Amino acid sequence: MFSLLRPLGLLTLLASSCLVGAQNLTVVDPAAACTALGQNLALENVTVNFAEYLPAGTNLSLSQGYNLSTCGRASQVVPVDLCRITMYVATTNRSGITLEGWLPTNWTGRFLMTGNGGVSGCIQYEDVAYATSFGFATFGQNNGHNGTRGYAFYQNSDVVEDFIYRGLYTGTVVGKQITNTYYTQSLSTSFYLGCSTGGRQGWKMIQDYPEVFDGVVVGAPALYFPALTSWSGTFYTILGNSSSDTFVSADLWVAVNTEIMNQCDGIDGVMDGIIEDTLLCNFRPEAMQCAPGVNNSTTCLTSAQVGAVRQVFTDYYGLDGLLVFPKMQPGSELLARYIYYGGTDFSYTTDWFRYVVYEDPSWDPASYTRADAKAAIDQNPFNAMTGNGDLSAFQKHGGKVLHWHGEADYIITSDNSPRYYNHVSETMGLPSSELDDFYRFFRVSGTGHCQGGAGAHMVGQQAAESAATDPQNNVLARIITWVEDGNAPETITGTKYVNDDATQGVAFVRNHCKYPLRNVYTGPANYTQPEAWTCI
Ligand SMILES: *[C@@H]1O[C@H](CO)[C@@H](O)[C@H](O)[C@H]1NC(C)=O
Ligand SMILES: *[C@@H]1O[C@H](CO)[C@@H](O)[C@H](O)[C@H]1NC(C)=O
Ligand SMILES: *[C@@H]1O[C@H](CO)[C@@H](O)[C@H](O)[C@H]1NC(C)=O
Ligand SMILES: *[C@@H]1O[C@H](CO)[C@@H](O)[C@H](O)[C@H]1NC(C)=O
Ligand SMILES: *[C@@H]1O[C@H](CO)[C@@H](O)[C@H](O)[C@H]1NC(C)=O
Ligand SMILES: *[C@@H]1O[C@H](CO)[C@@H](O)[C@H](O)[C@H]1NC(C)=O
Ligand SMILES: *[C@@H]1O[C@H](CO)[C@@H](O)[C@H](O)[C@H]1NC(C)=O
Ligand SMILES: *[C@@H]1O[C@H](CO)[C@@H](O)[C@H](O)[C@H]1NC(C)=O
Ligand SMILES: *[C@@H]1O[C@H](CO)[C@@H](O)[C@H](O)[C@H]1NC(C)=O
Ligand SMILES: *[C@@H]1O[C@H](CO)[C@@H](O)[C@H](O)[C@H]1NC(C)=O
Ligand SMILES: *[C@@H]1O[C@H](CO)[C@@H](O)[C@H](O)[C@H]1NC(C)=O
């Protein structure tokens, strides 16, 4: 672990106001300790906005200034008694992060950093709150700018650098210092929880700062980010808009989804609306070809549409003949139709090319070609690709990474995760049996982007994705026991509630397999029972 400087004056002050025993990390007078923390914190580049003690149940109103309303987080209920401290941390003289720490009074000794999403710009307060409910001292940061768009990248590579890695790294270093300042005991173990861009951020730390975390949960990681962002821009050009002959209407995508299920749902042994291994699904859109002369159907595809749909489900190669990004996995159409297939540009792609790749706010996403993918991948600022397959330093540190990906992901195709896993295996020369010591990857069937879906999607990535029925059905609980007890997960368990409503009860539970294993229905019990499935 790296060493941290402690402001001694503050430690002395806190020691006199806290009675902390070896087995009891509870802060005795948390309101006074919190005020003292805010008043006395003296760390380089850190300007405290305020520190406030919040009792459990407080419904916090969050600042909506500086475009923060686009983050969609106006309030957050505080789950446990805690000290909230907010600050600005300068990373250069023209960039910096907004950082928050939530320090529970009843502390487990564990530290956790949360990640971000998309090209934001938003502290994920619900994740900060979620981790504090587990007793973590938890931090979140805005990744160097506010809001969900990329305007702030324009002509400021320092803001881009914060977004790619520095905001998270800086927030983690400062967060650990504050944790060790507030409590009189030093933190014991350090964790990270993130999905999507947050997943990429977690991998970035593992690759470049391998000693920062002991345990990392990464969902649906945005690995190979400039390539991902290029691929995300292809759909608008493949499908066009509602006046193009290649365009597929939202209704017609429902028919495509039905045909995909006809062709692929039974491969795992049961027709349950969930494709367990989408890598085995080689969808043939030609099966939906319309009769000659029909061009307005909601059940069949014209030749132009067949060609476009086939392209959506084909790996995307660059001008140099190398893979840019794998195909969209079949099975995600019901939501992808509103994101990528709706006849409009994708804002993350548009922002990345306008404000980072070309620094040209007038760049037109309809003009996108493979040459743009090459420009983005060649530019690769601060190694945003995040594709380093050598994890030996993290392995040596004793770190553990639990990687998962929903197999009905409609934003980052889940094919990208085995791509990286296999790359790590090849780079390190390790088979899965040895990667298992520190890196395990799980495919979560029927699950969308970080959340939701027809499958048993509740694996504990977020509070809203945590089934209350069994605390072990939770990736956050699993990473703790793996790191601290060496109890590594063989499967991760997901829950599906009836109509996704906990009050209506559990619809089914399924154990999701560790790659390269896949789930197969072996019976004899109903497919709704987890024991009816086997990882092979
Ligand atoms: C920790 O100590 C405080 C103060 O002595 C006490 O109120 C609290 O119940 C203790 N908690 C545990 C879990 O022992
Ligand atoms: C918290 O307050 C907001 C309004 O500021 C309200 O919309 C929300 O329902 C409240 N949440 C709870 C759980 O009371
Ligand atoms: C706020 O959002 C608007 C567009 O809604 C944008 O023009 C402006 O640059 C943003 N401001 C900042 C500081 O990001
Ligand atoms: C403070 O910020 C400057 C850049 O403005 C950086 O060089 C320095 O390392 C930072 N200090 C710490 C302790 O991070
Ligand atoms: C900001 O820092 C850069 C790099 O250290 C330096 O060249 C520049 O003069 C500084 N600008 C201001 C306004 O201090
Ligand atoms: C502190 O948290 C632990 C679980 O981490 C719980 O068992 C205990 O009851 C809590 N104590 C208090 C005083 O809330
Ligand atoms: C981001 O929002 C925070 C309020 O949460 C504000 O203090 C900060 O100045 C904003 N940062 C930028 C770069 O606009
Ligand atoms: C579709 O795209 C074409 C060419 O880019 C454009 O001229 C037309 O206005 C667009 N139509 C709609 C409905 O957006
Ligand atoms: C569909 O066919 C009709 C009649 O041939 C034609 O007028 C129309 O432009 C066609 N529409 C599309 C989207 O191809
Ligand atoms: C398709 O076109 C035919 C002939 O013009 C028309 O009768 C039918 O209602 C159209 N169907 C749809 C789904 O638009
Ligand atoms: C399995 O369970 C589902 C959902 O409860 C039910 O619809 C189905 O009929 C059951 N299948 C068998 C073979 O019992």
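Counting convention: from 1, in listed order, for ligands and their atoms alike. For clarity, every value in this text was computed on a predicted model and none was experimentally measured.
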Q: Scan side-chain atoms only and decide if Thr302 and Asn295 contain a donor-acceptor pair under the 3.5 Å cut-off.
A: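 Side chains of Thr302 and Asn295: no pair found under 3.5 Å.
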
Q) Considering residues at least two apart in sequence or located in another chain, which fulfil the salt bridge (Lys or Arg N to Asp or Glu O under 4.0 Å) criterion with Arg518? A)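 Testing Arg518 for salt bridge (Lys or Arg N to Asp or Glu O under 4.0 Å), a comparison that skips the adjacent residues, returns none.
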
Q | Contacts of type salt bridge (Lys or Arg N to Asp or Glu O under 4.0 Å), residue Glu333, not counting sequence neighbours | A |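 So Glu333 forms no salt bridge (Lys or Arg N to Asp or Glu O under 4.0 Å) with any residue.
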
Q. Do any pairs count as a salt bridge (charged side-chain N to carboxylate O under 4.0 Å, His left out) and have a residue in residues 520-534, sequence neighbours left out, and if so which ones?
A.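 Checked against salt bridge (charged side-chain N to carboxylate O under 4.0 Å, His left out) - neighbours excluded - no pair reaches residues 520-534.
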
Q: Side-chain contact test, heavy atoms from C-beta onward, threshold under 4.5 Å: evaluate it for Asn45 versus Tyr88 and give yes or no.
A: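 A side-chain contact is absent here, since even the closest heavy-atom pair is not under 4.5 Å.
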
Q | Sub-4.0 Å atoms of ligand 8 with respect to non-hydrogen atoms of Ser243 | A |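 Contacts of ligand 8 toward Ser243, numbered from 1: 1 (C), 10 (C), 11 (N).
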
Q | Ala366 to ligand 8, any heavy atom closer than 4.0 Å | A |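 Contact check Ala366 vs ligand 8: negative.
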
Q) Within the structure, does Ser242 bring an N/O atom to less than 3.5 angstrom of an N/O atom in ligand 8? A)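 No: no nitrogen or oxygen of Ser242 is under 3.5 Å from one in ligand 8.
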
Q) Taking N or O atoms only and a 3.5 Å limit, does Asn146 qualify as a polar contact for ligand 7? A)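 Yes, at least one N or O pair falls under 3.5 Å.
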
Q: Work out which heavy atom in Gly273 is nearest to a heavy atom in Ala454; give both atom names and the distance.
A: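 Smallest interatomic distance, heavy atoms only, reads O-CB, 4.2 Å.
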
Q: Kindly state whether the ring of Tyr410 and the ring of Tyr340 have centres lying under 6.0 angstrom apart.
A: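 Not close enough - the centres of the two rings lie 6.0 Å or further apart.
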
**Q.** Value rounded to 0.5 Å, distance of CZ in Arg84 from CG in Leu54
**A.**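 Separation between the atoms: 7.0 Å.
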
(Q) Heavy-atom contacts with ligand 11 below 4.0 Å: which residues, ordered by chain and residue number? (A)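 Within the 4.0 Å shell of ligand 11, which is judged on heavy atoms, sit Asn526, Tyr527, Thr528.
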
(Q) Within ligand 7, which atoms have a heavy atom of Leu68 less than 4.0 Å away? (A)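 Those of ligand 7 that fall under 4.0 Å from Leu68 are 2 (O), 4 (C), 5 (O).
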
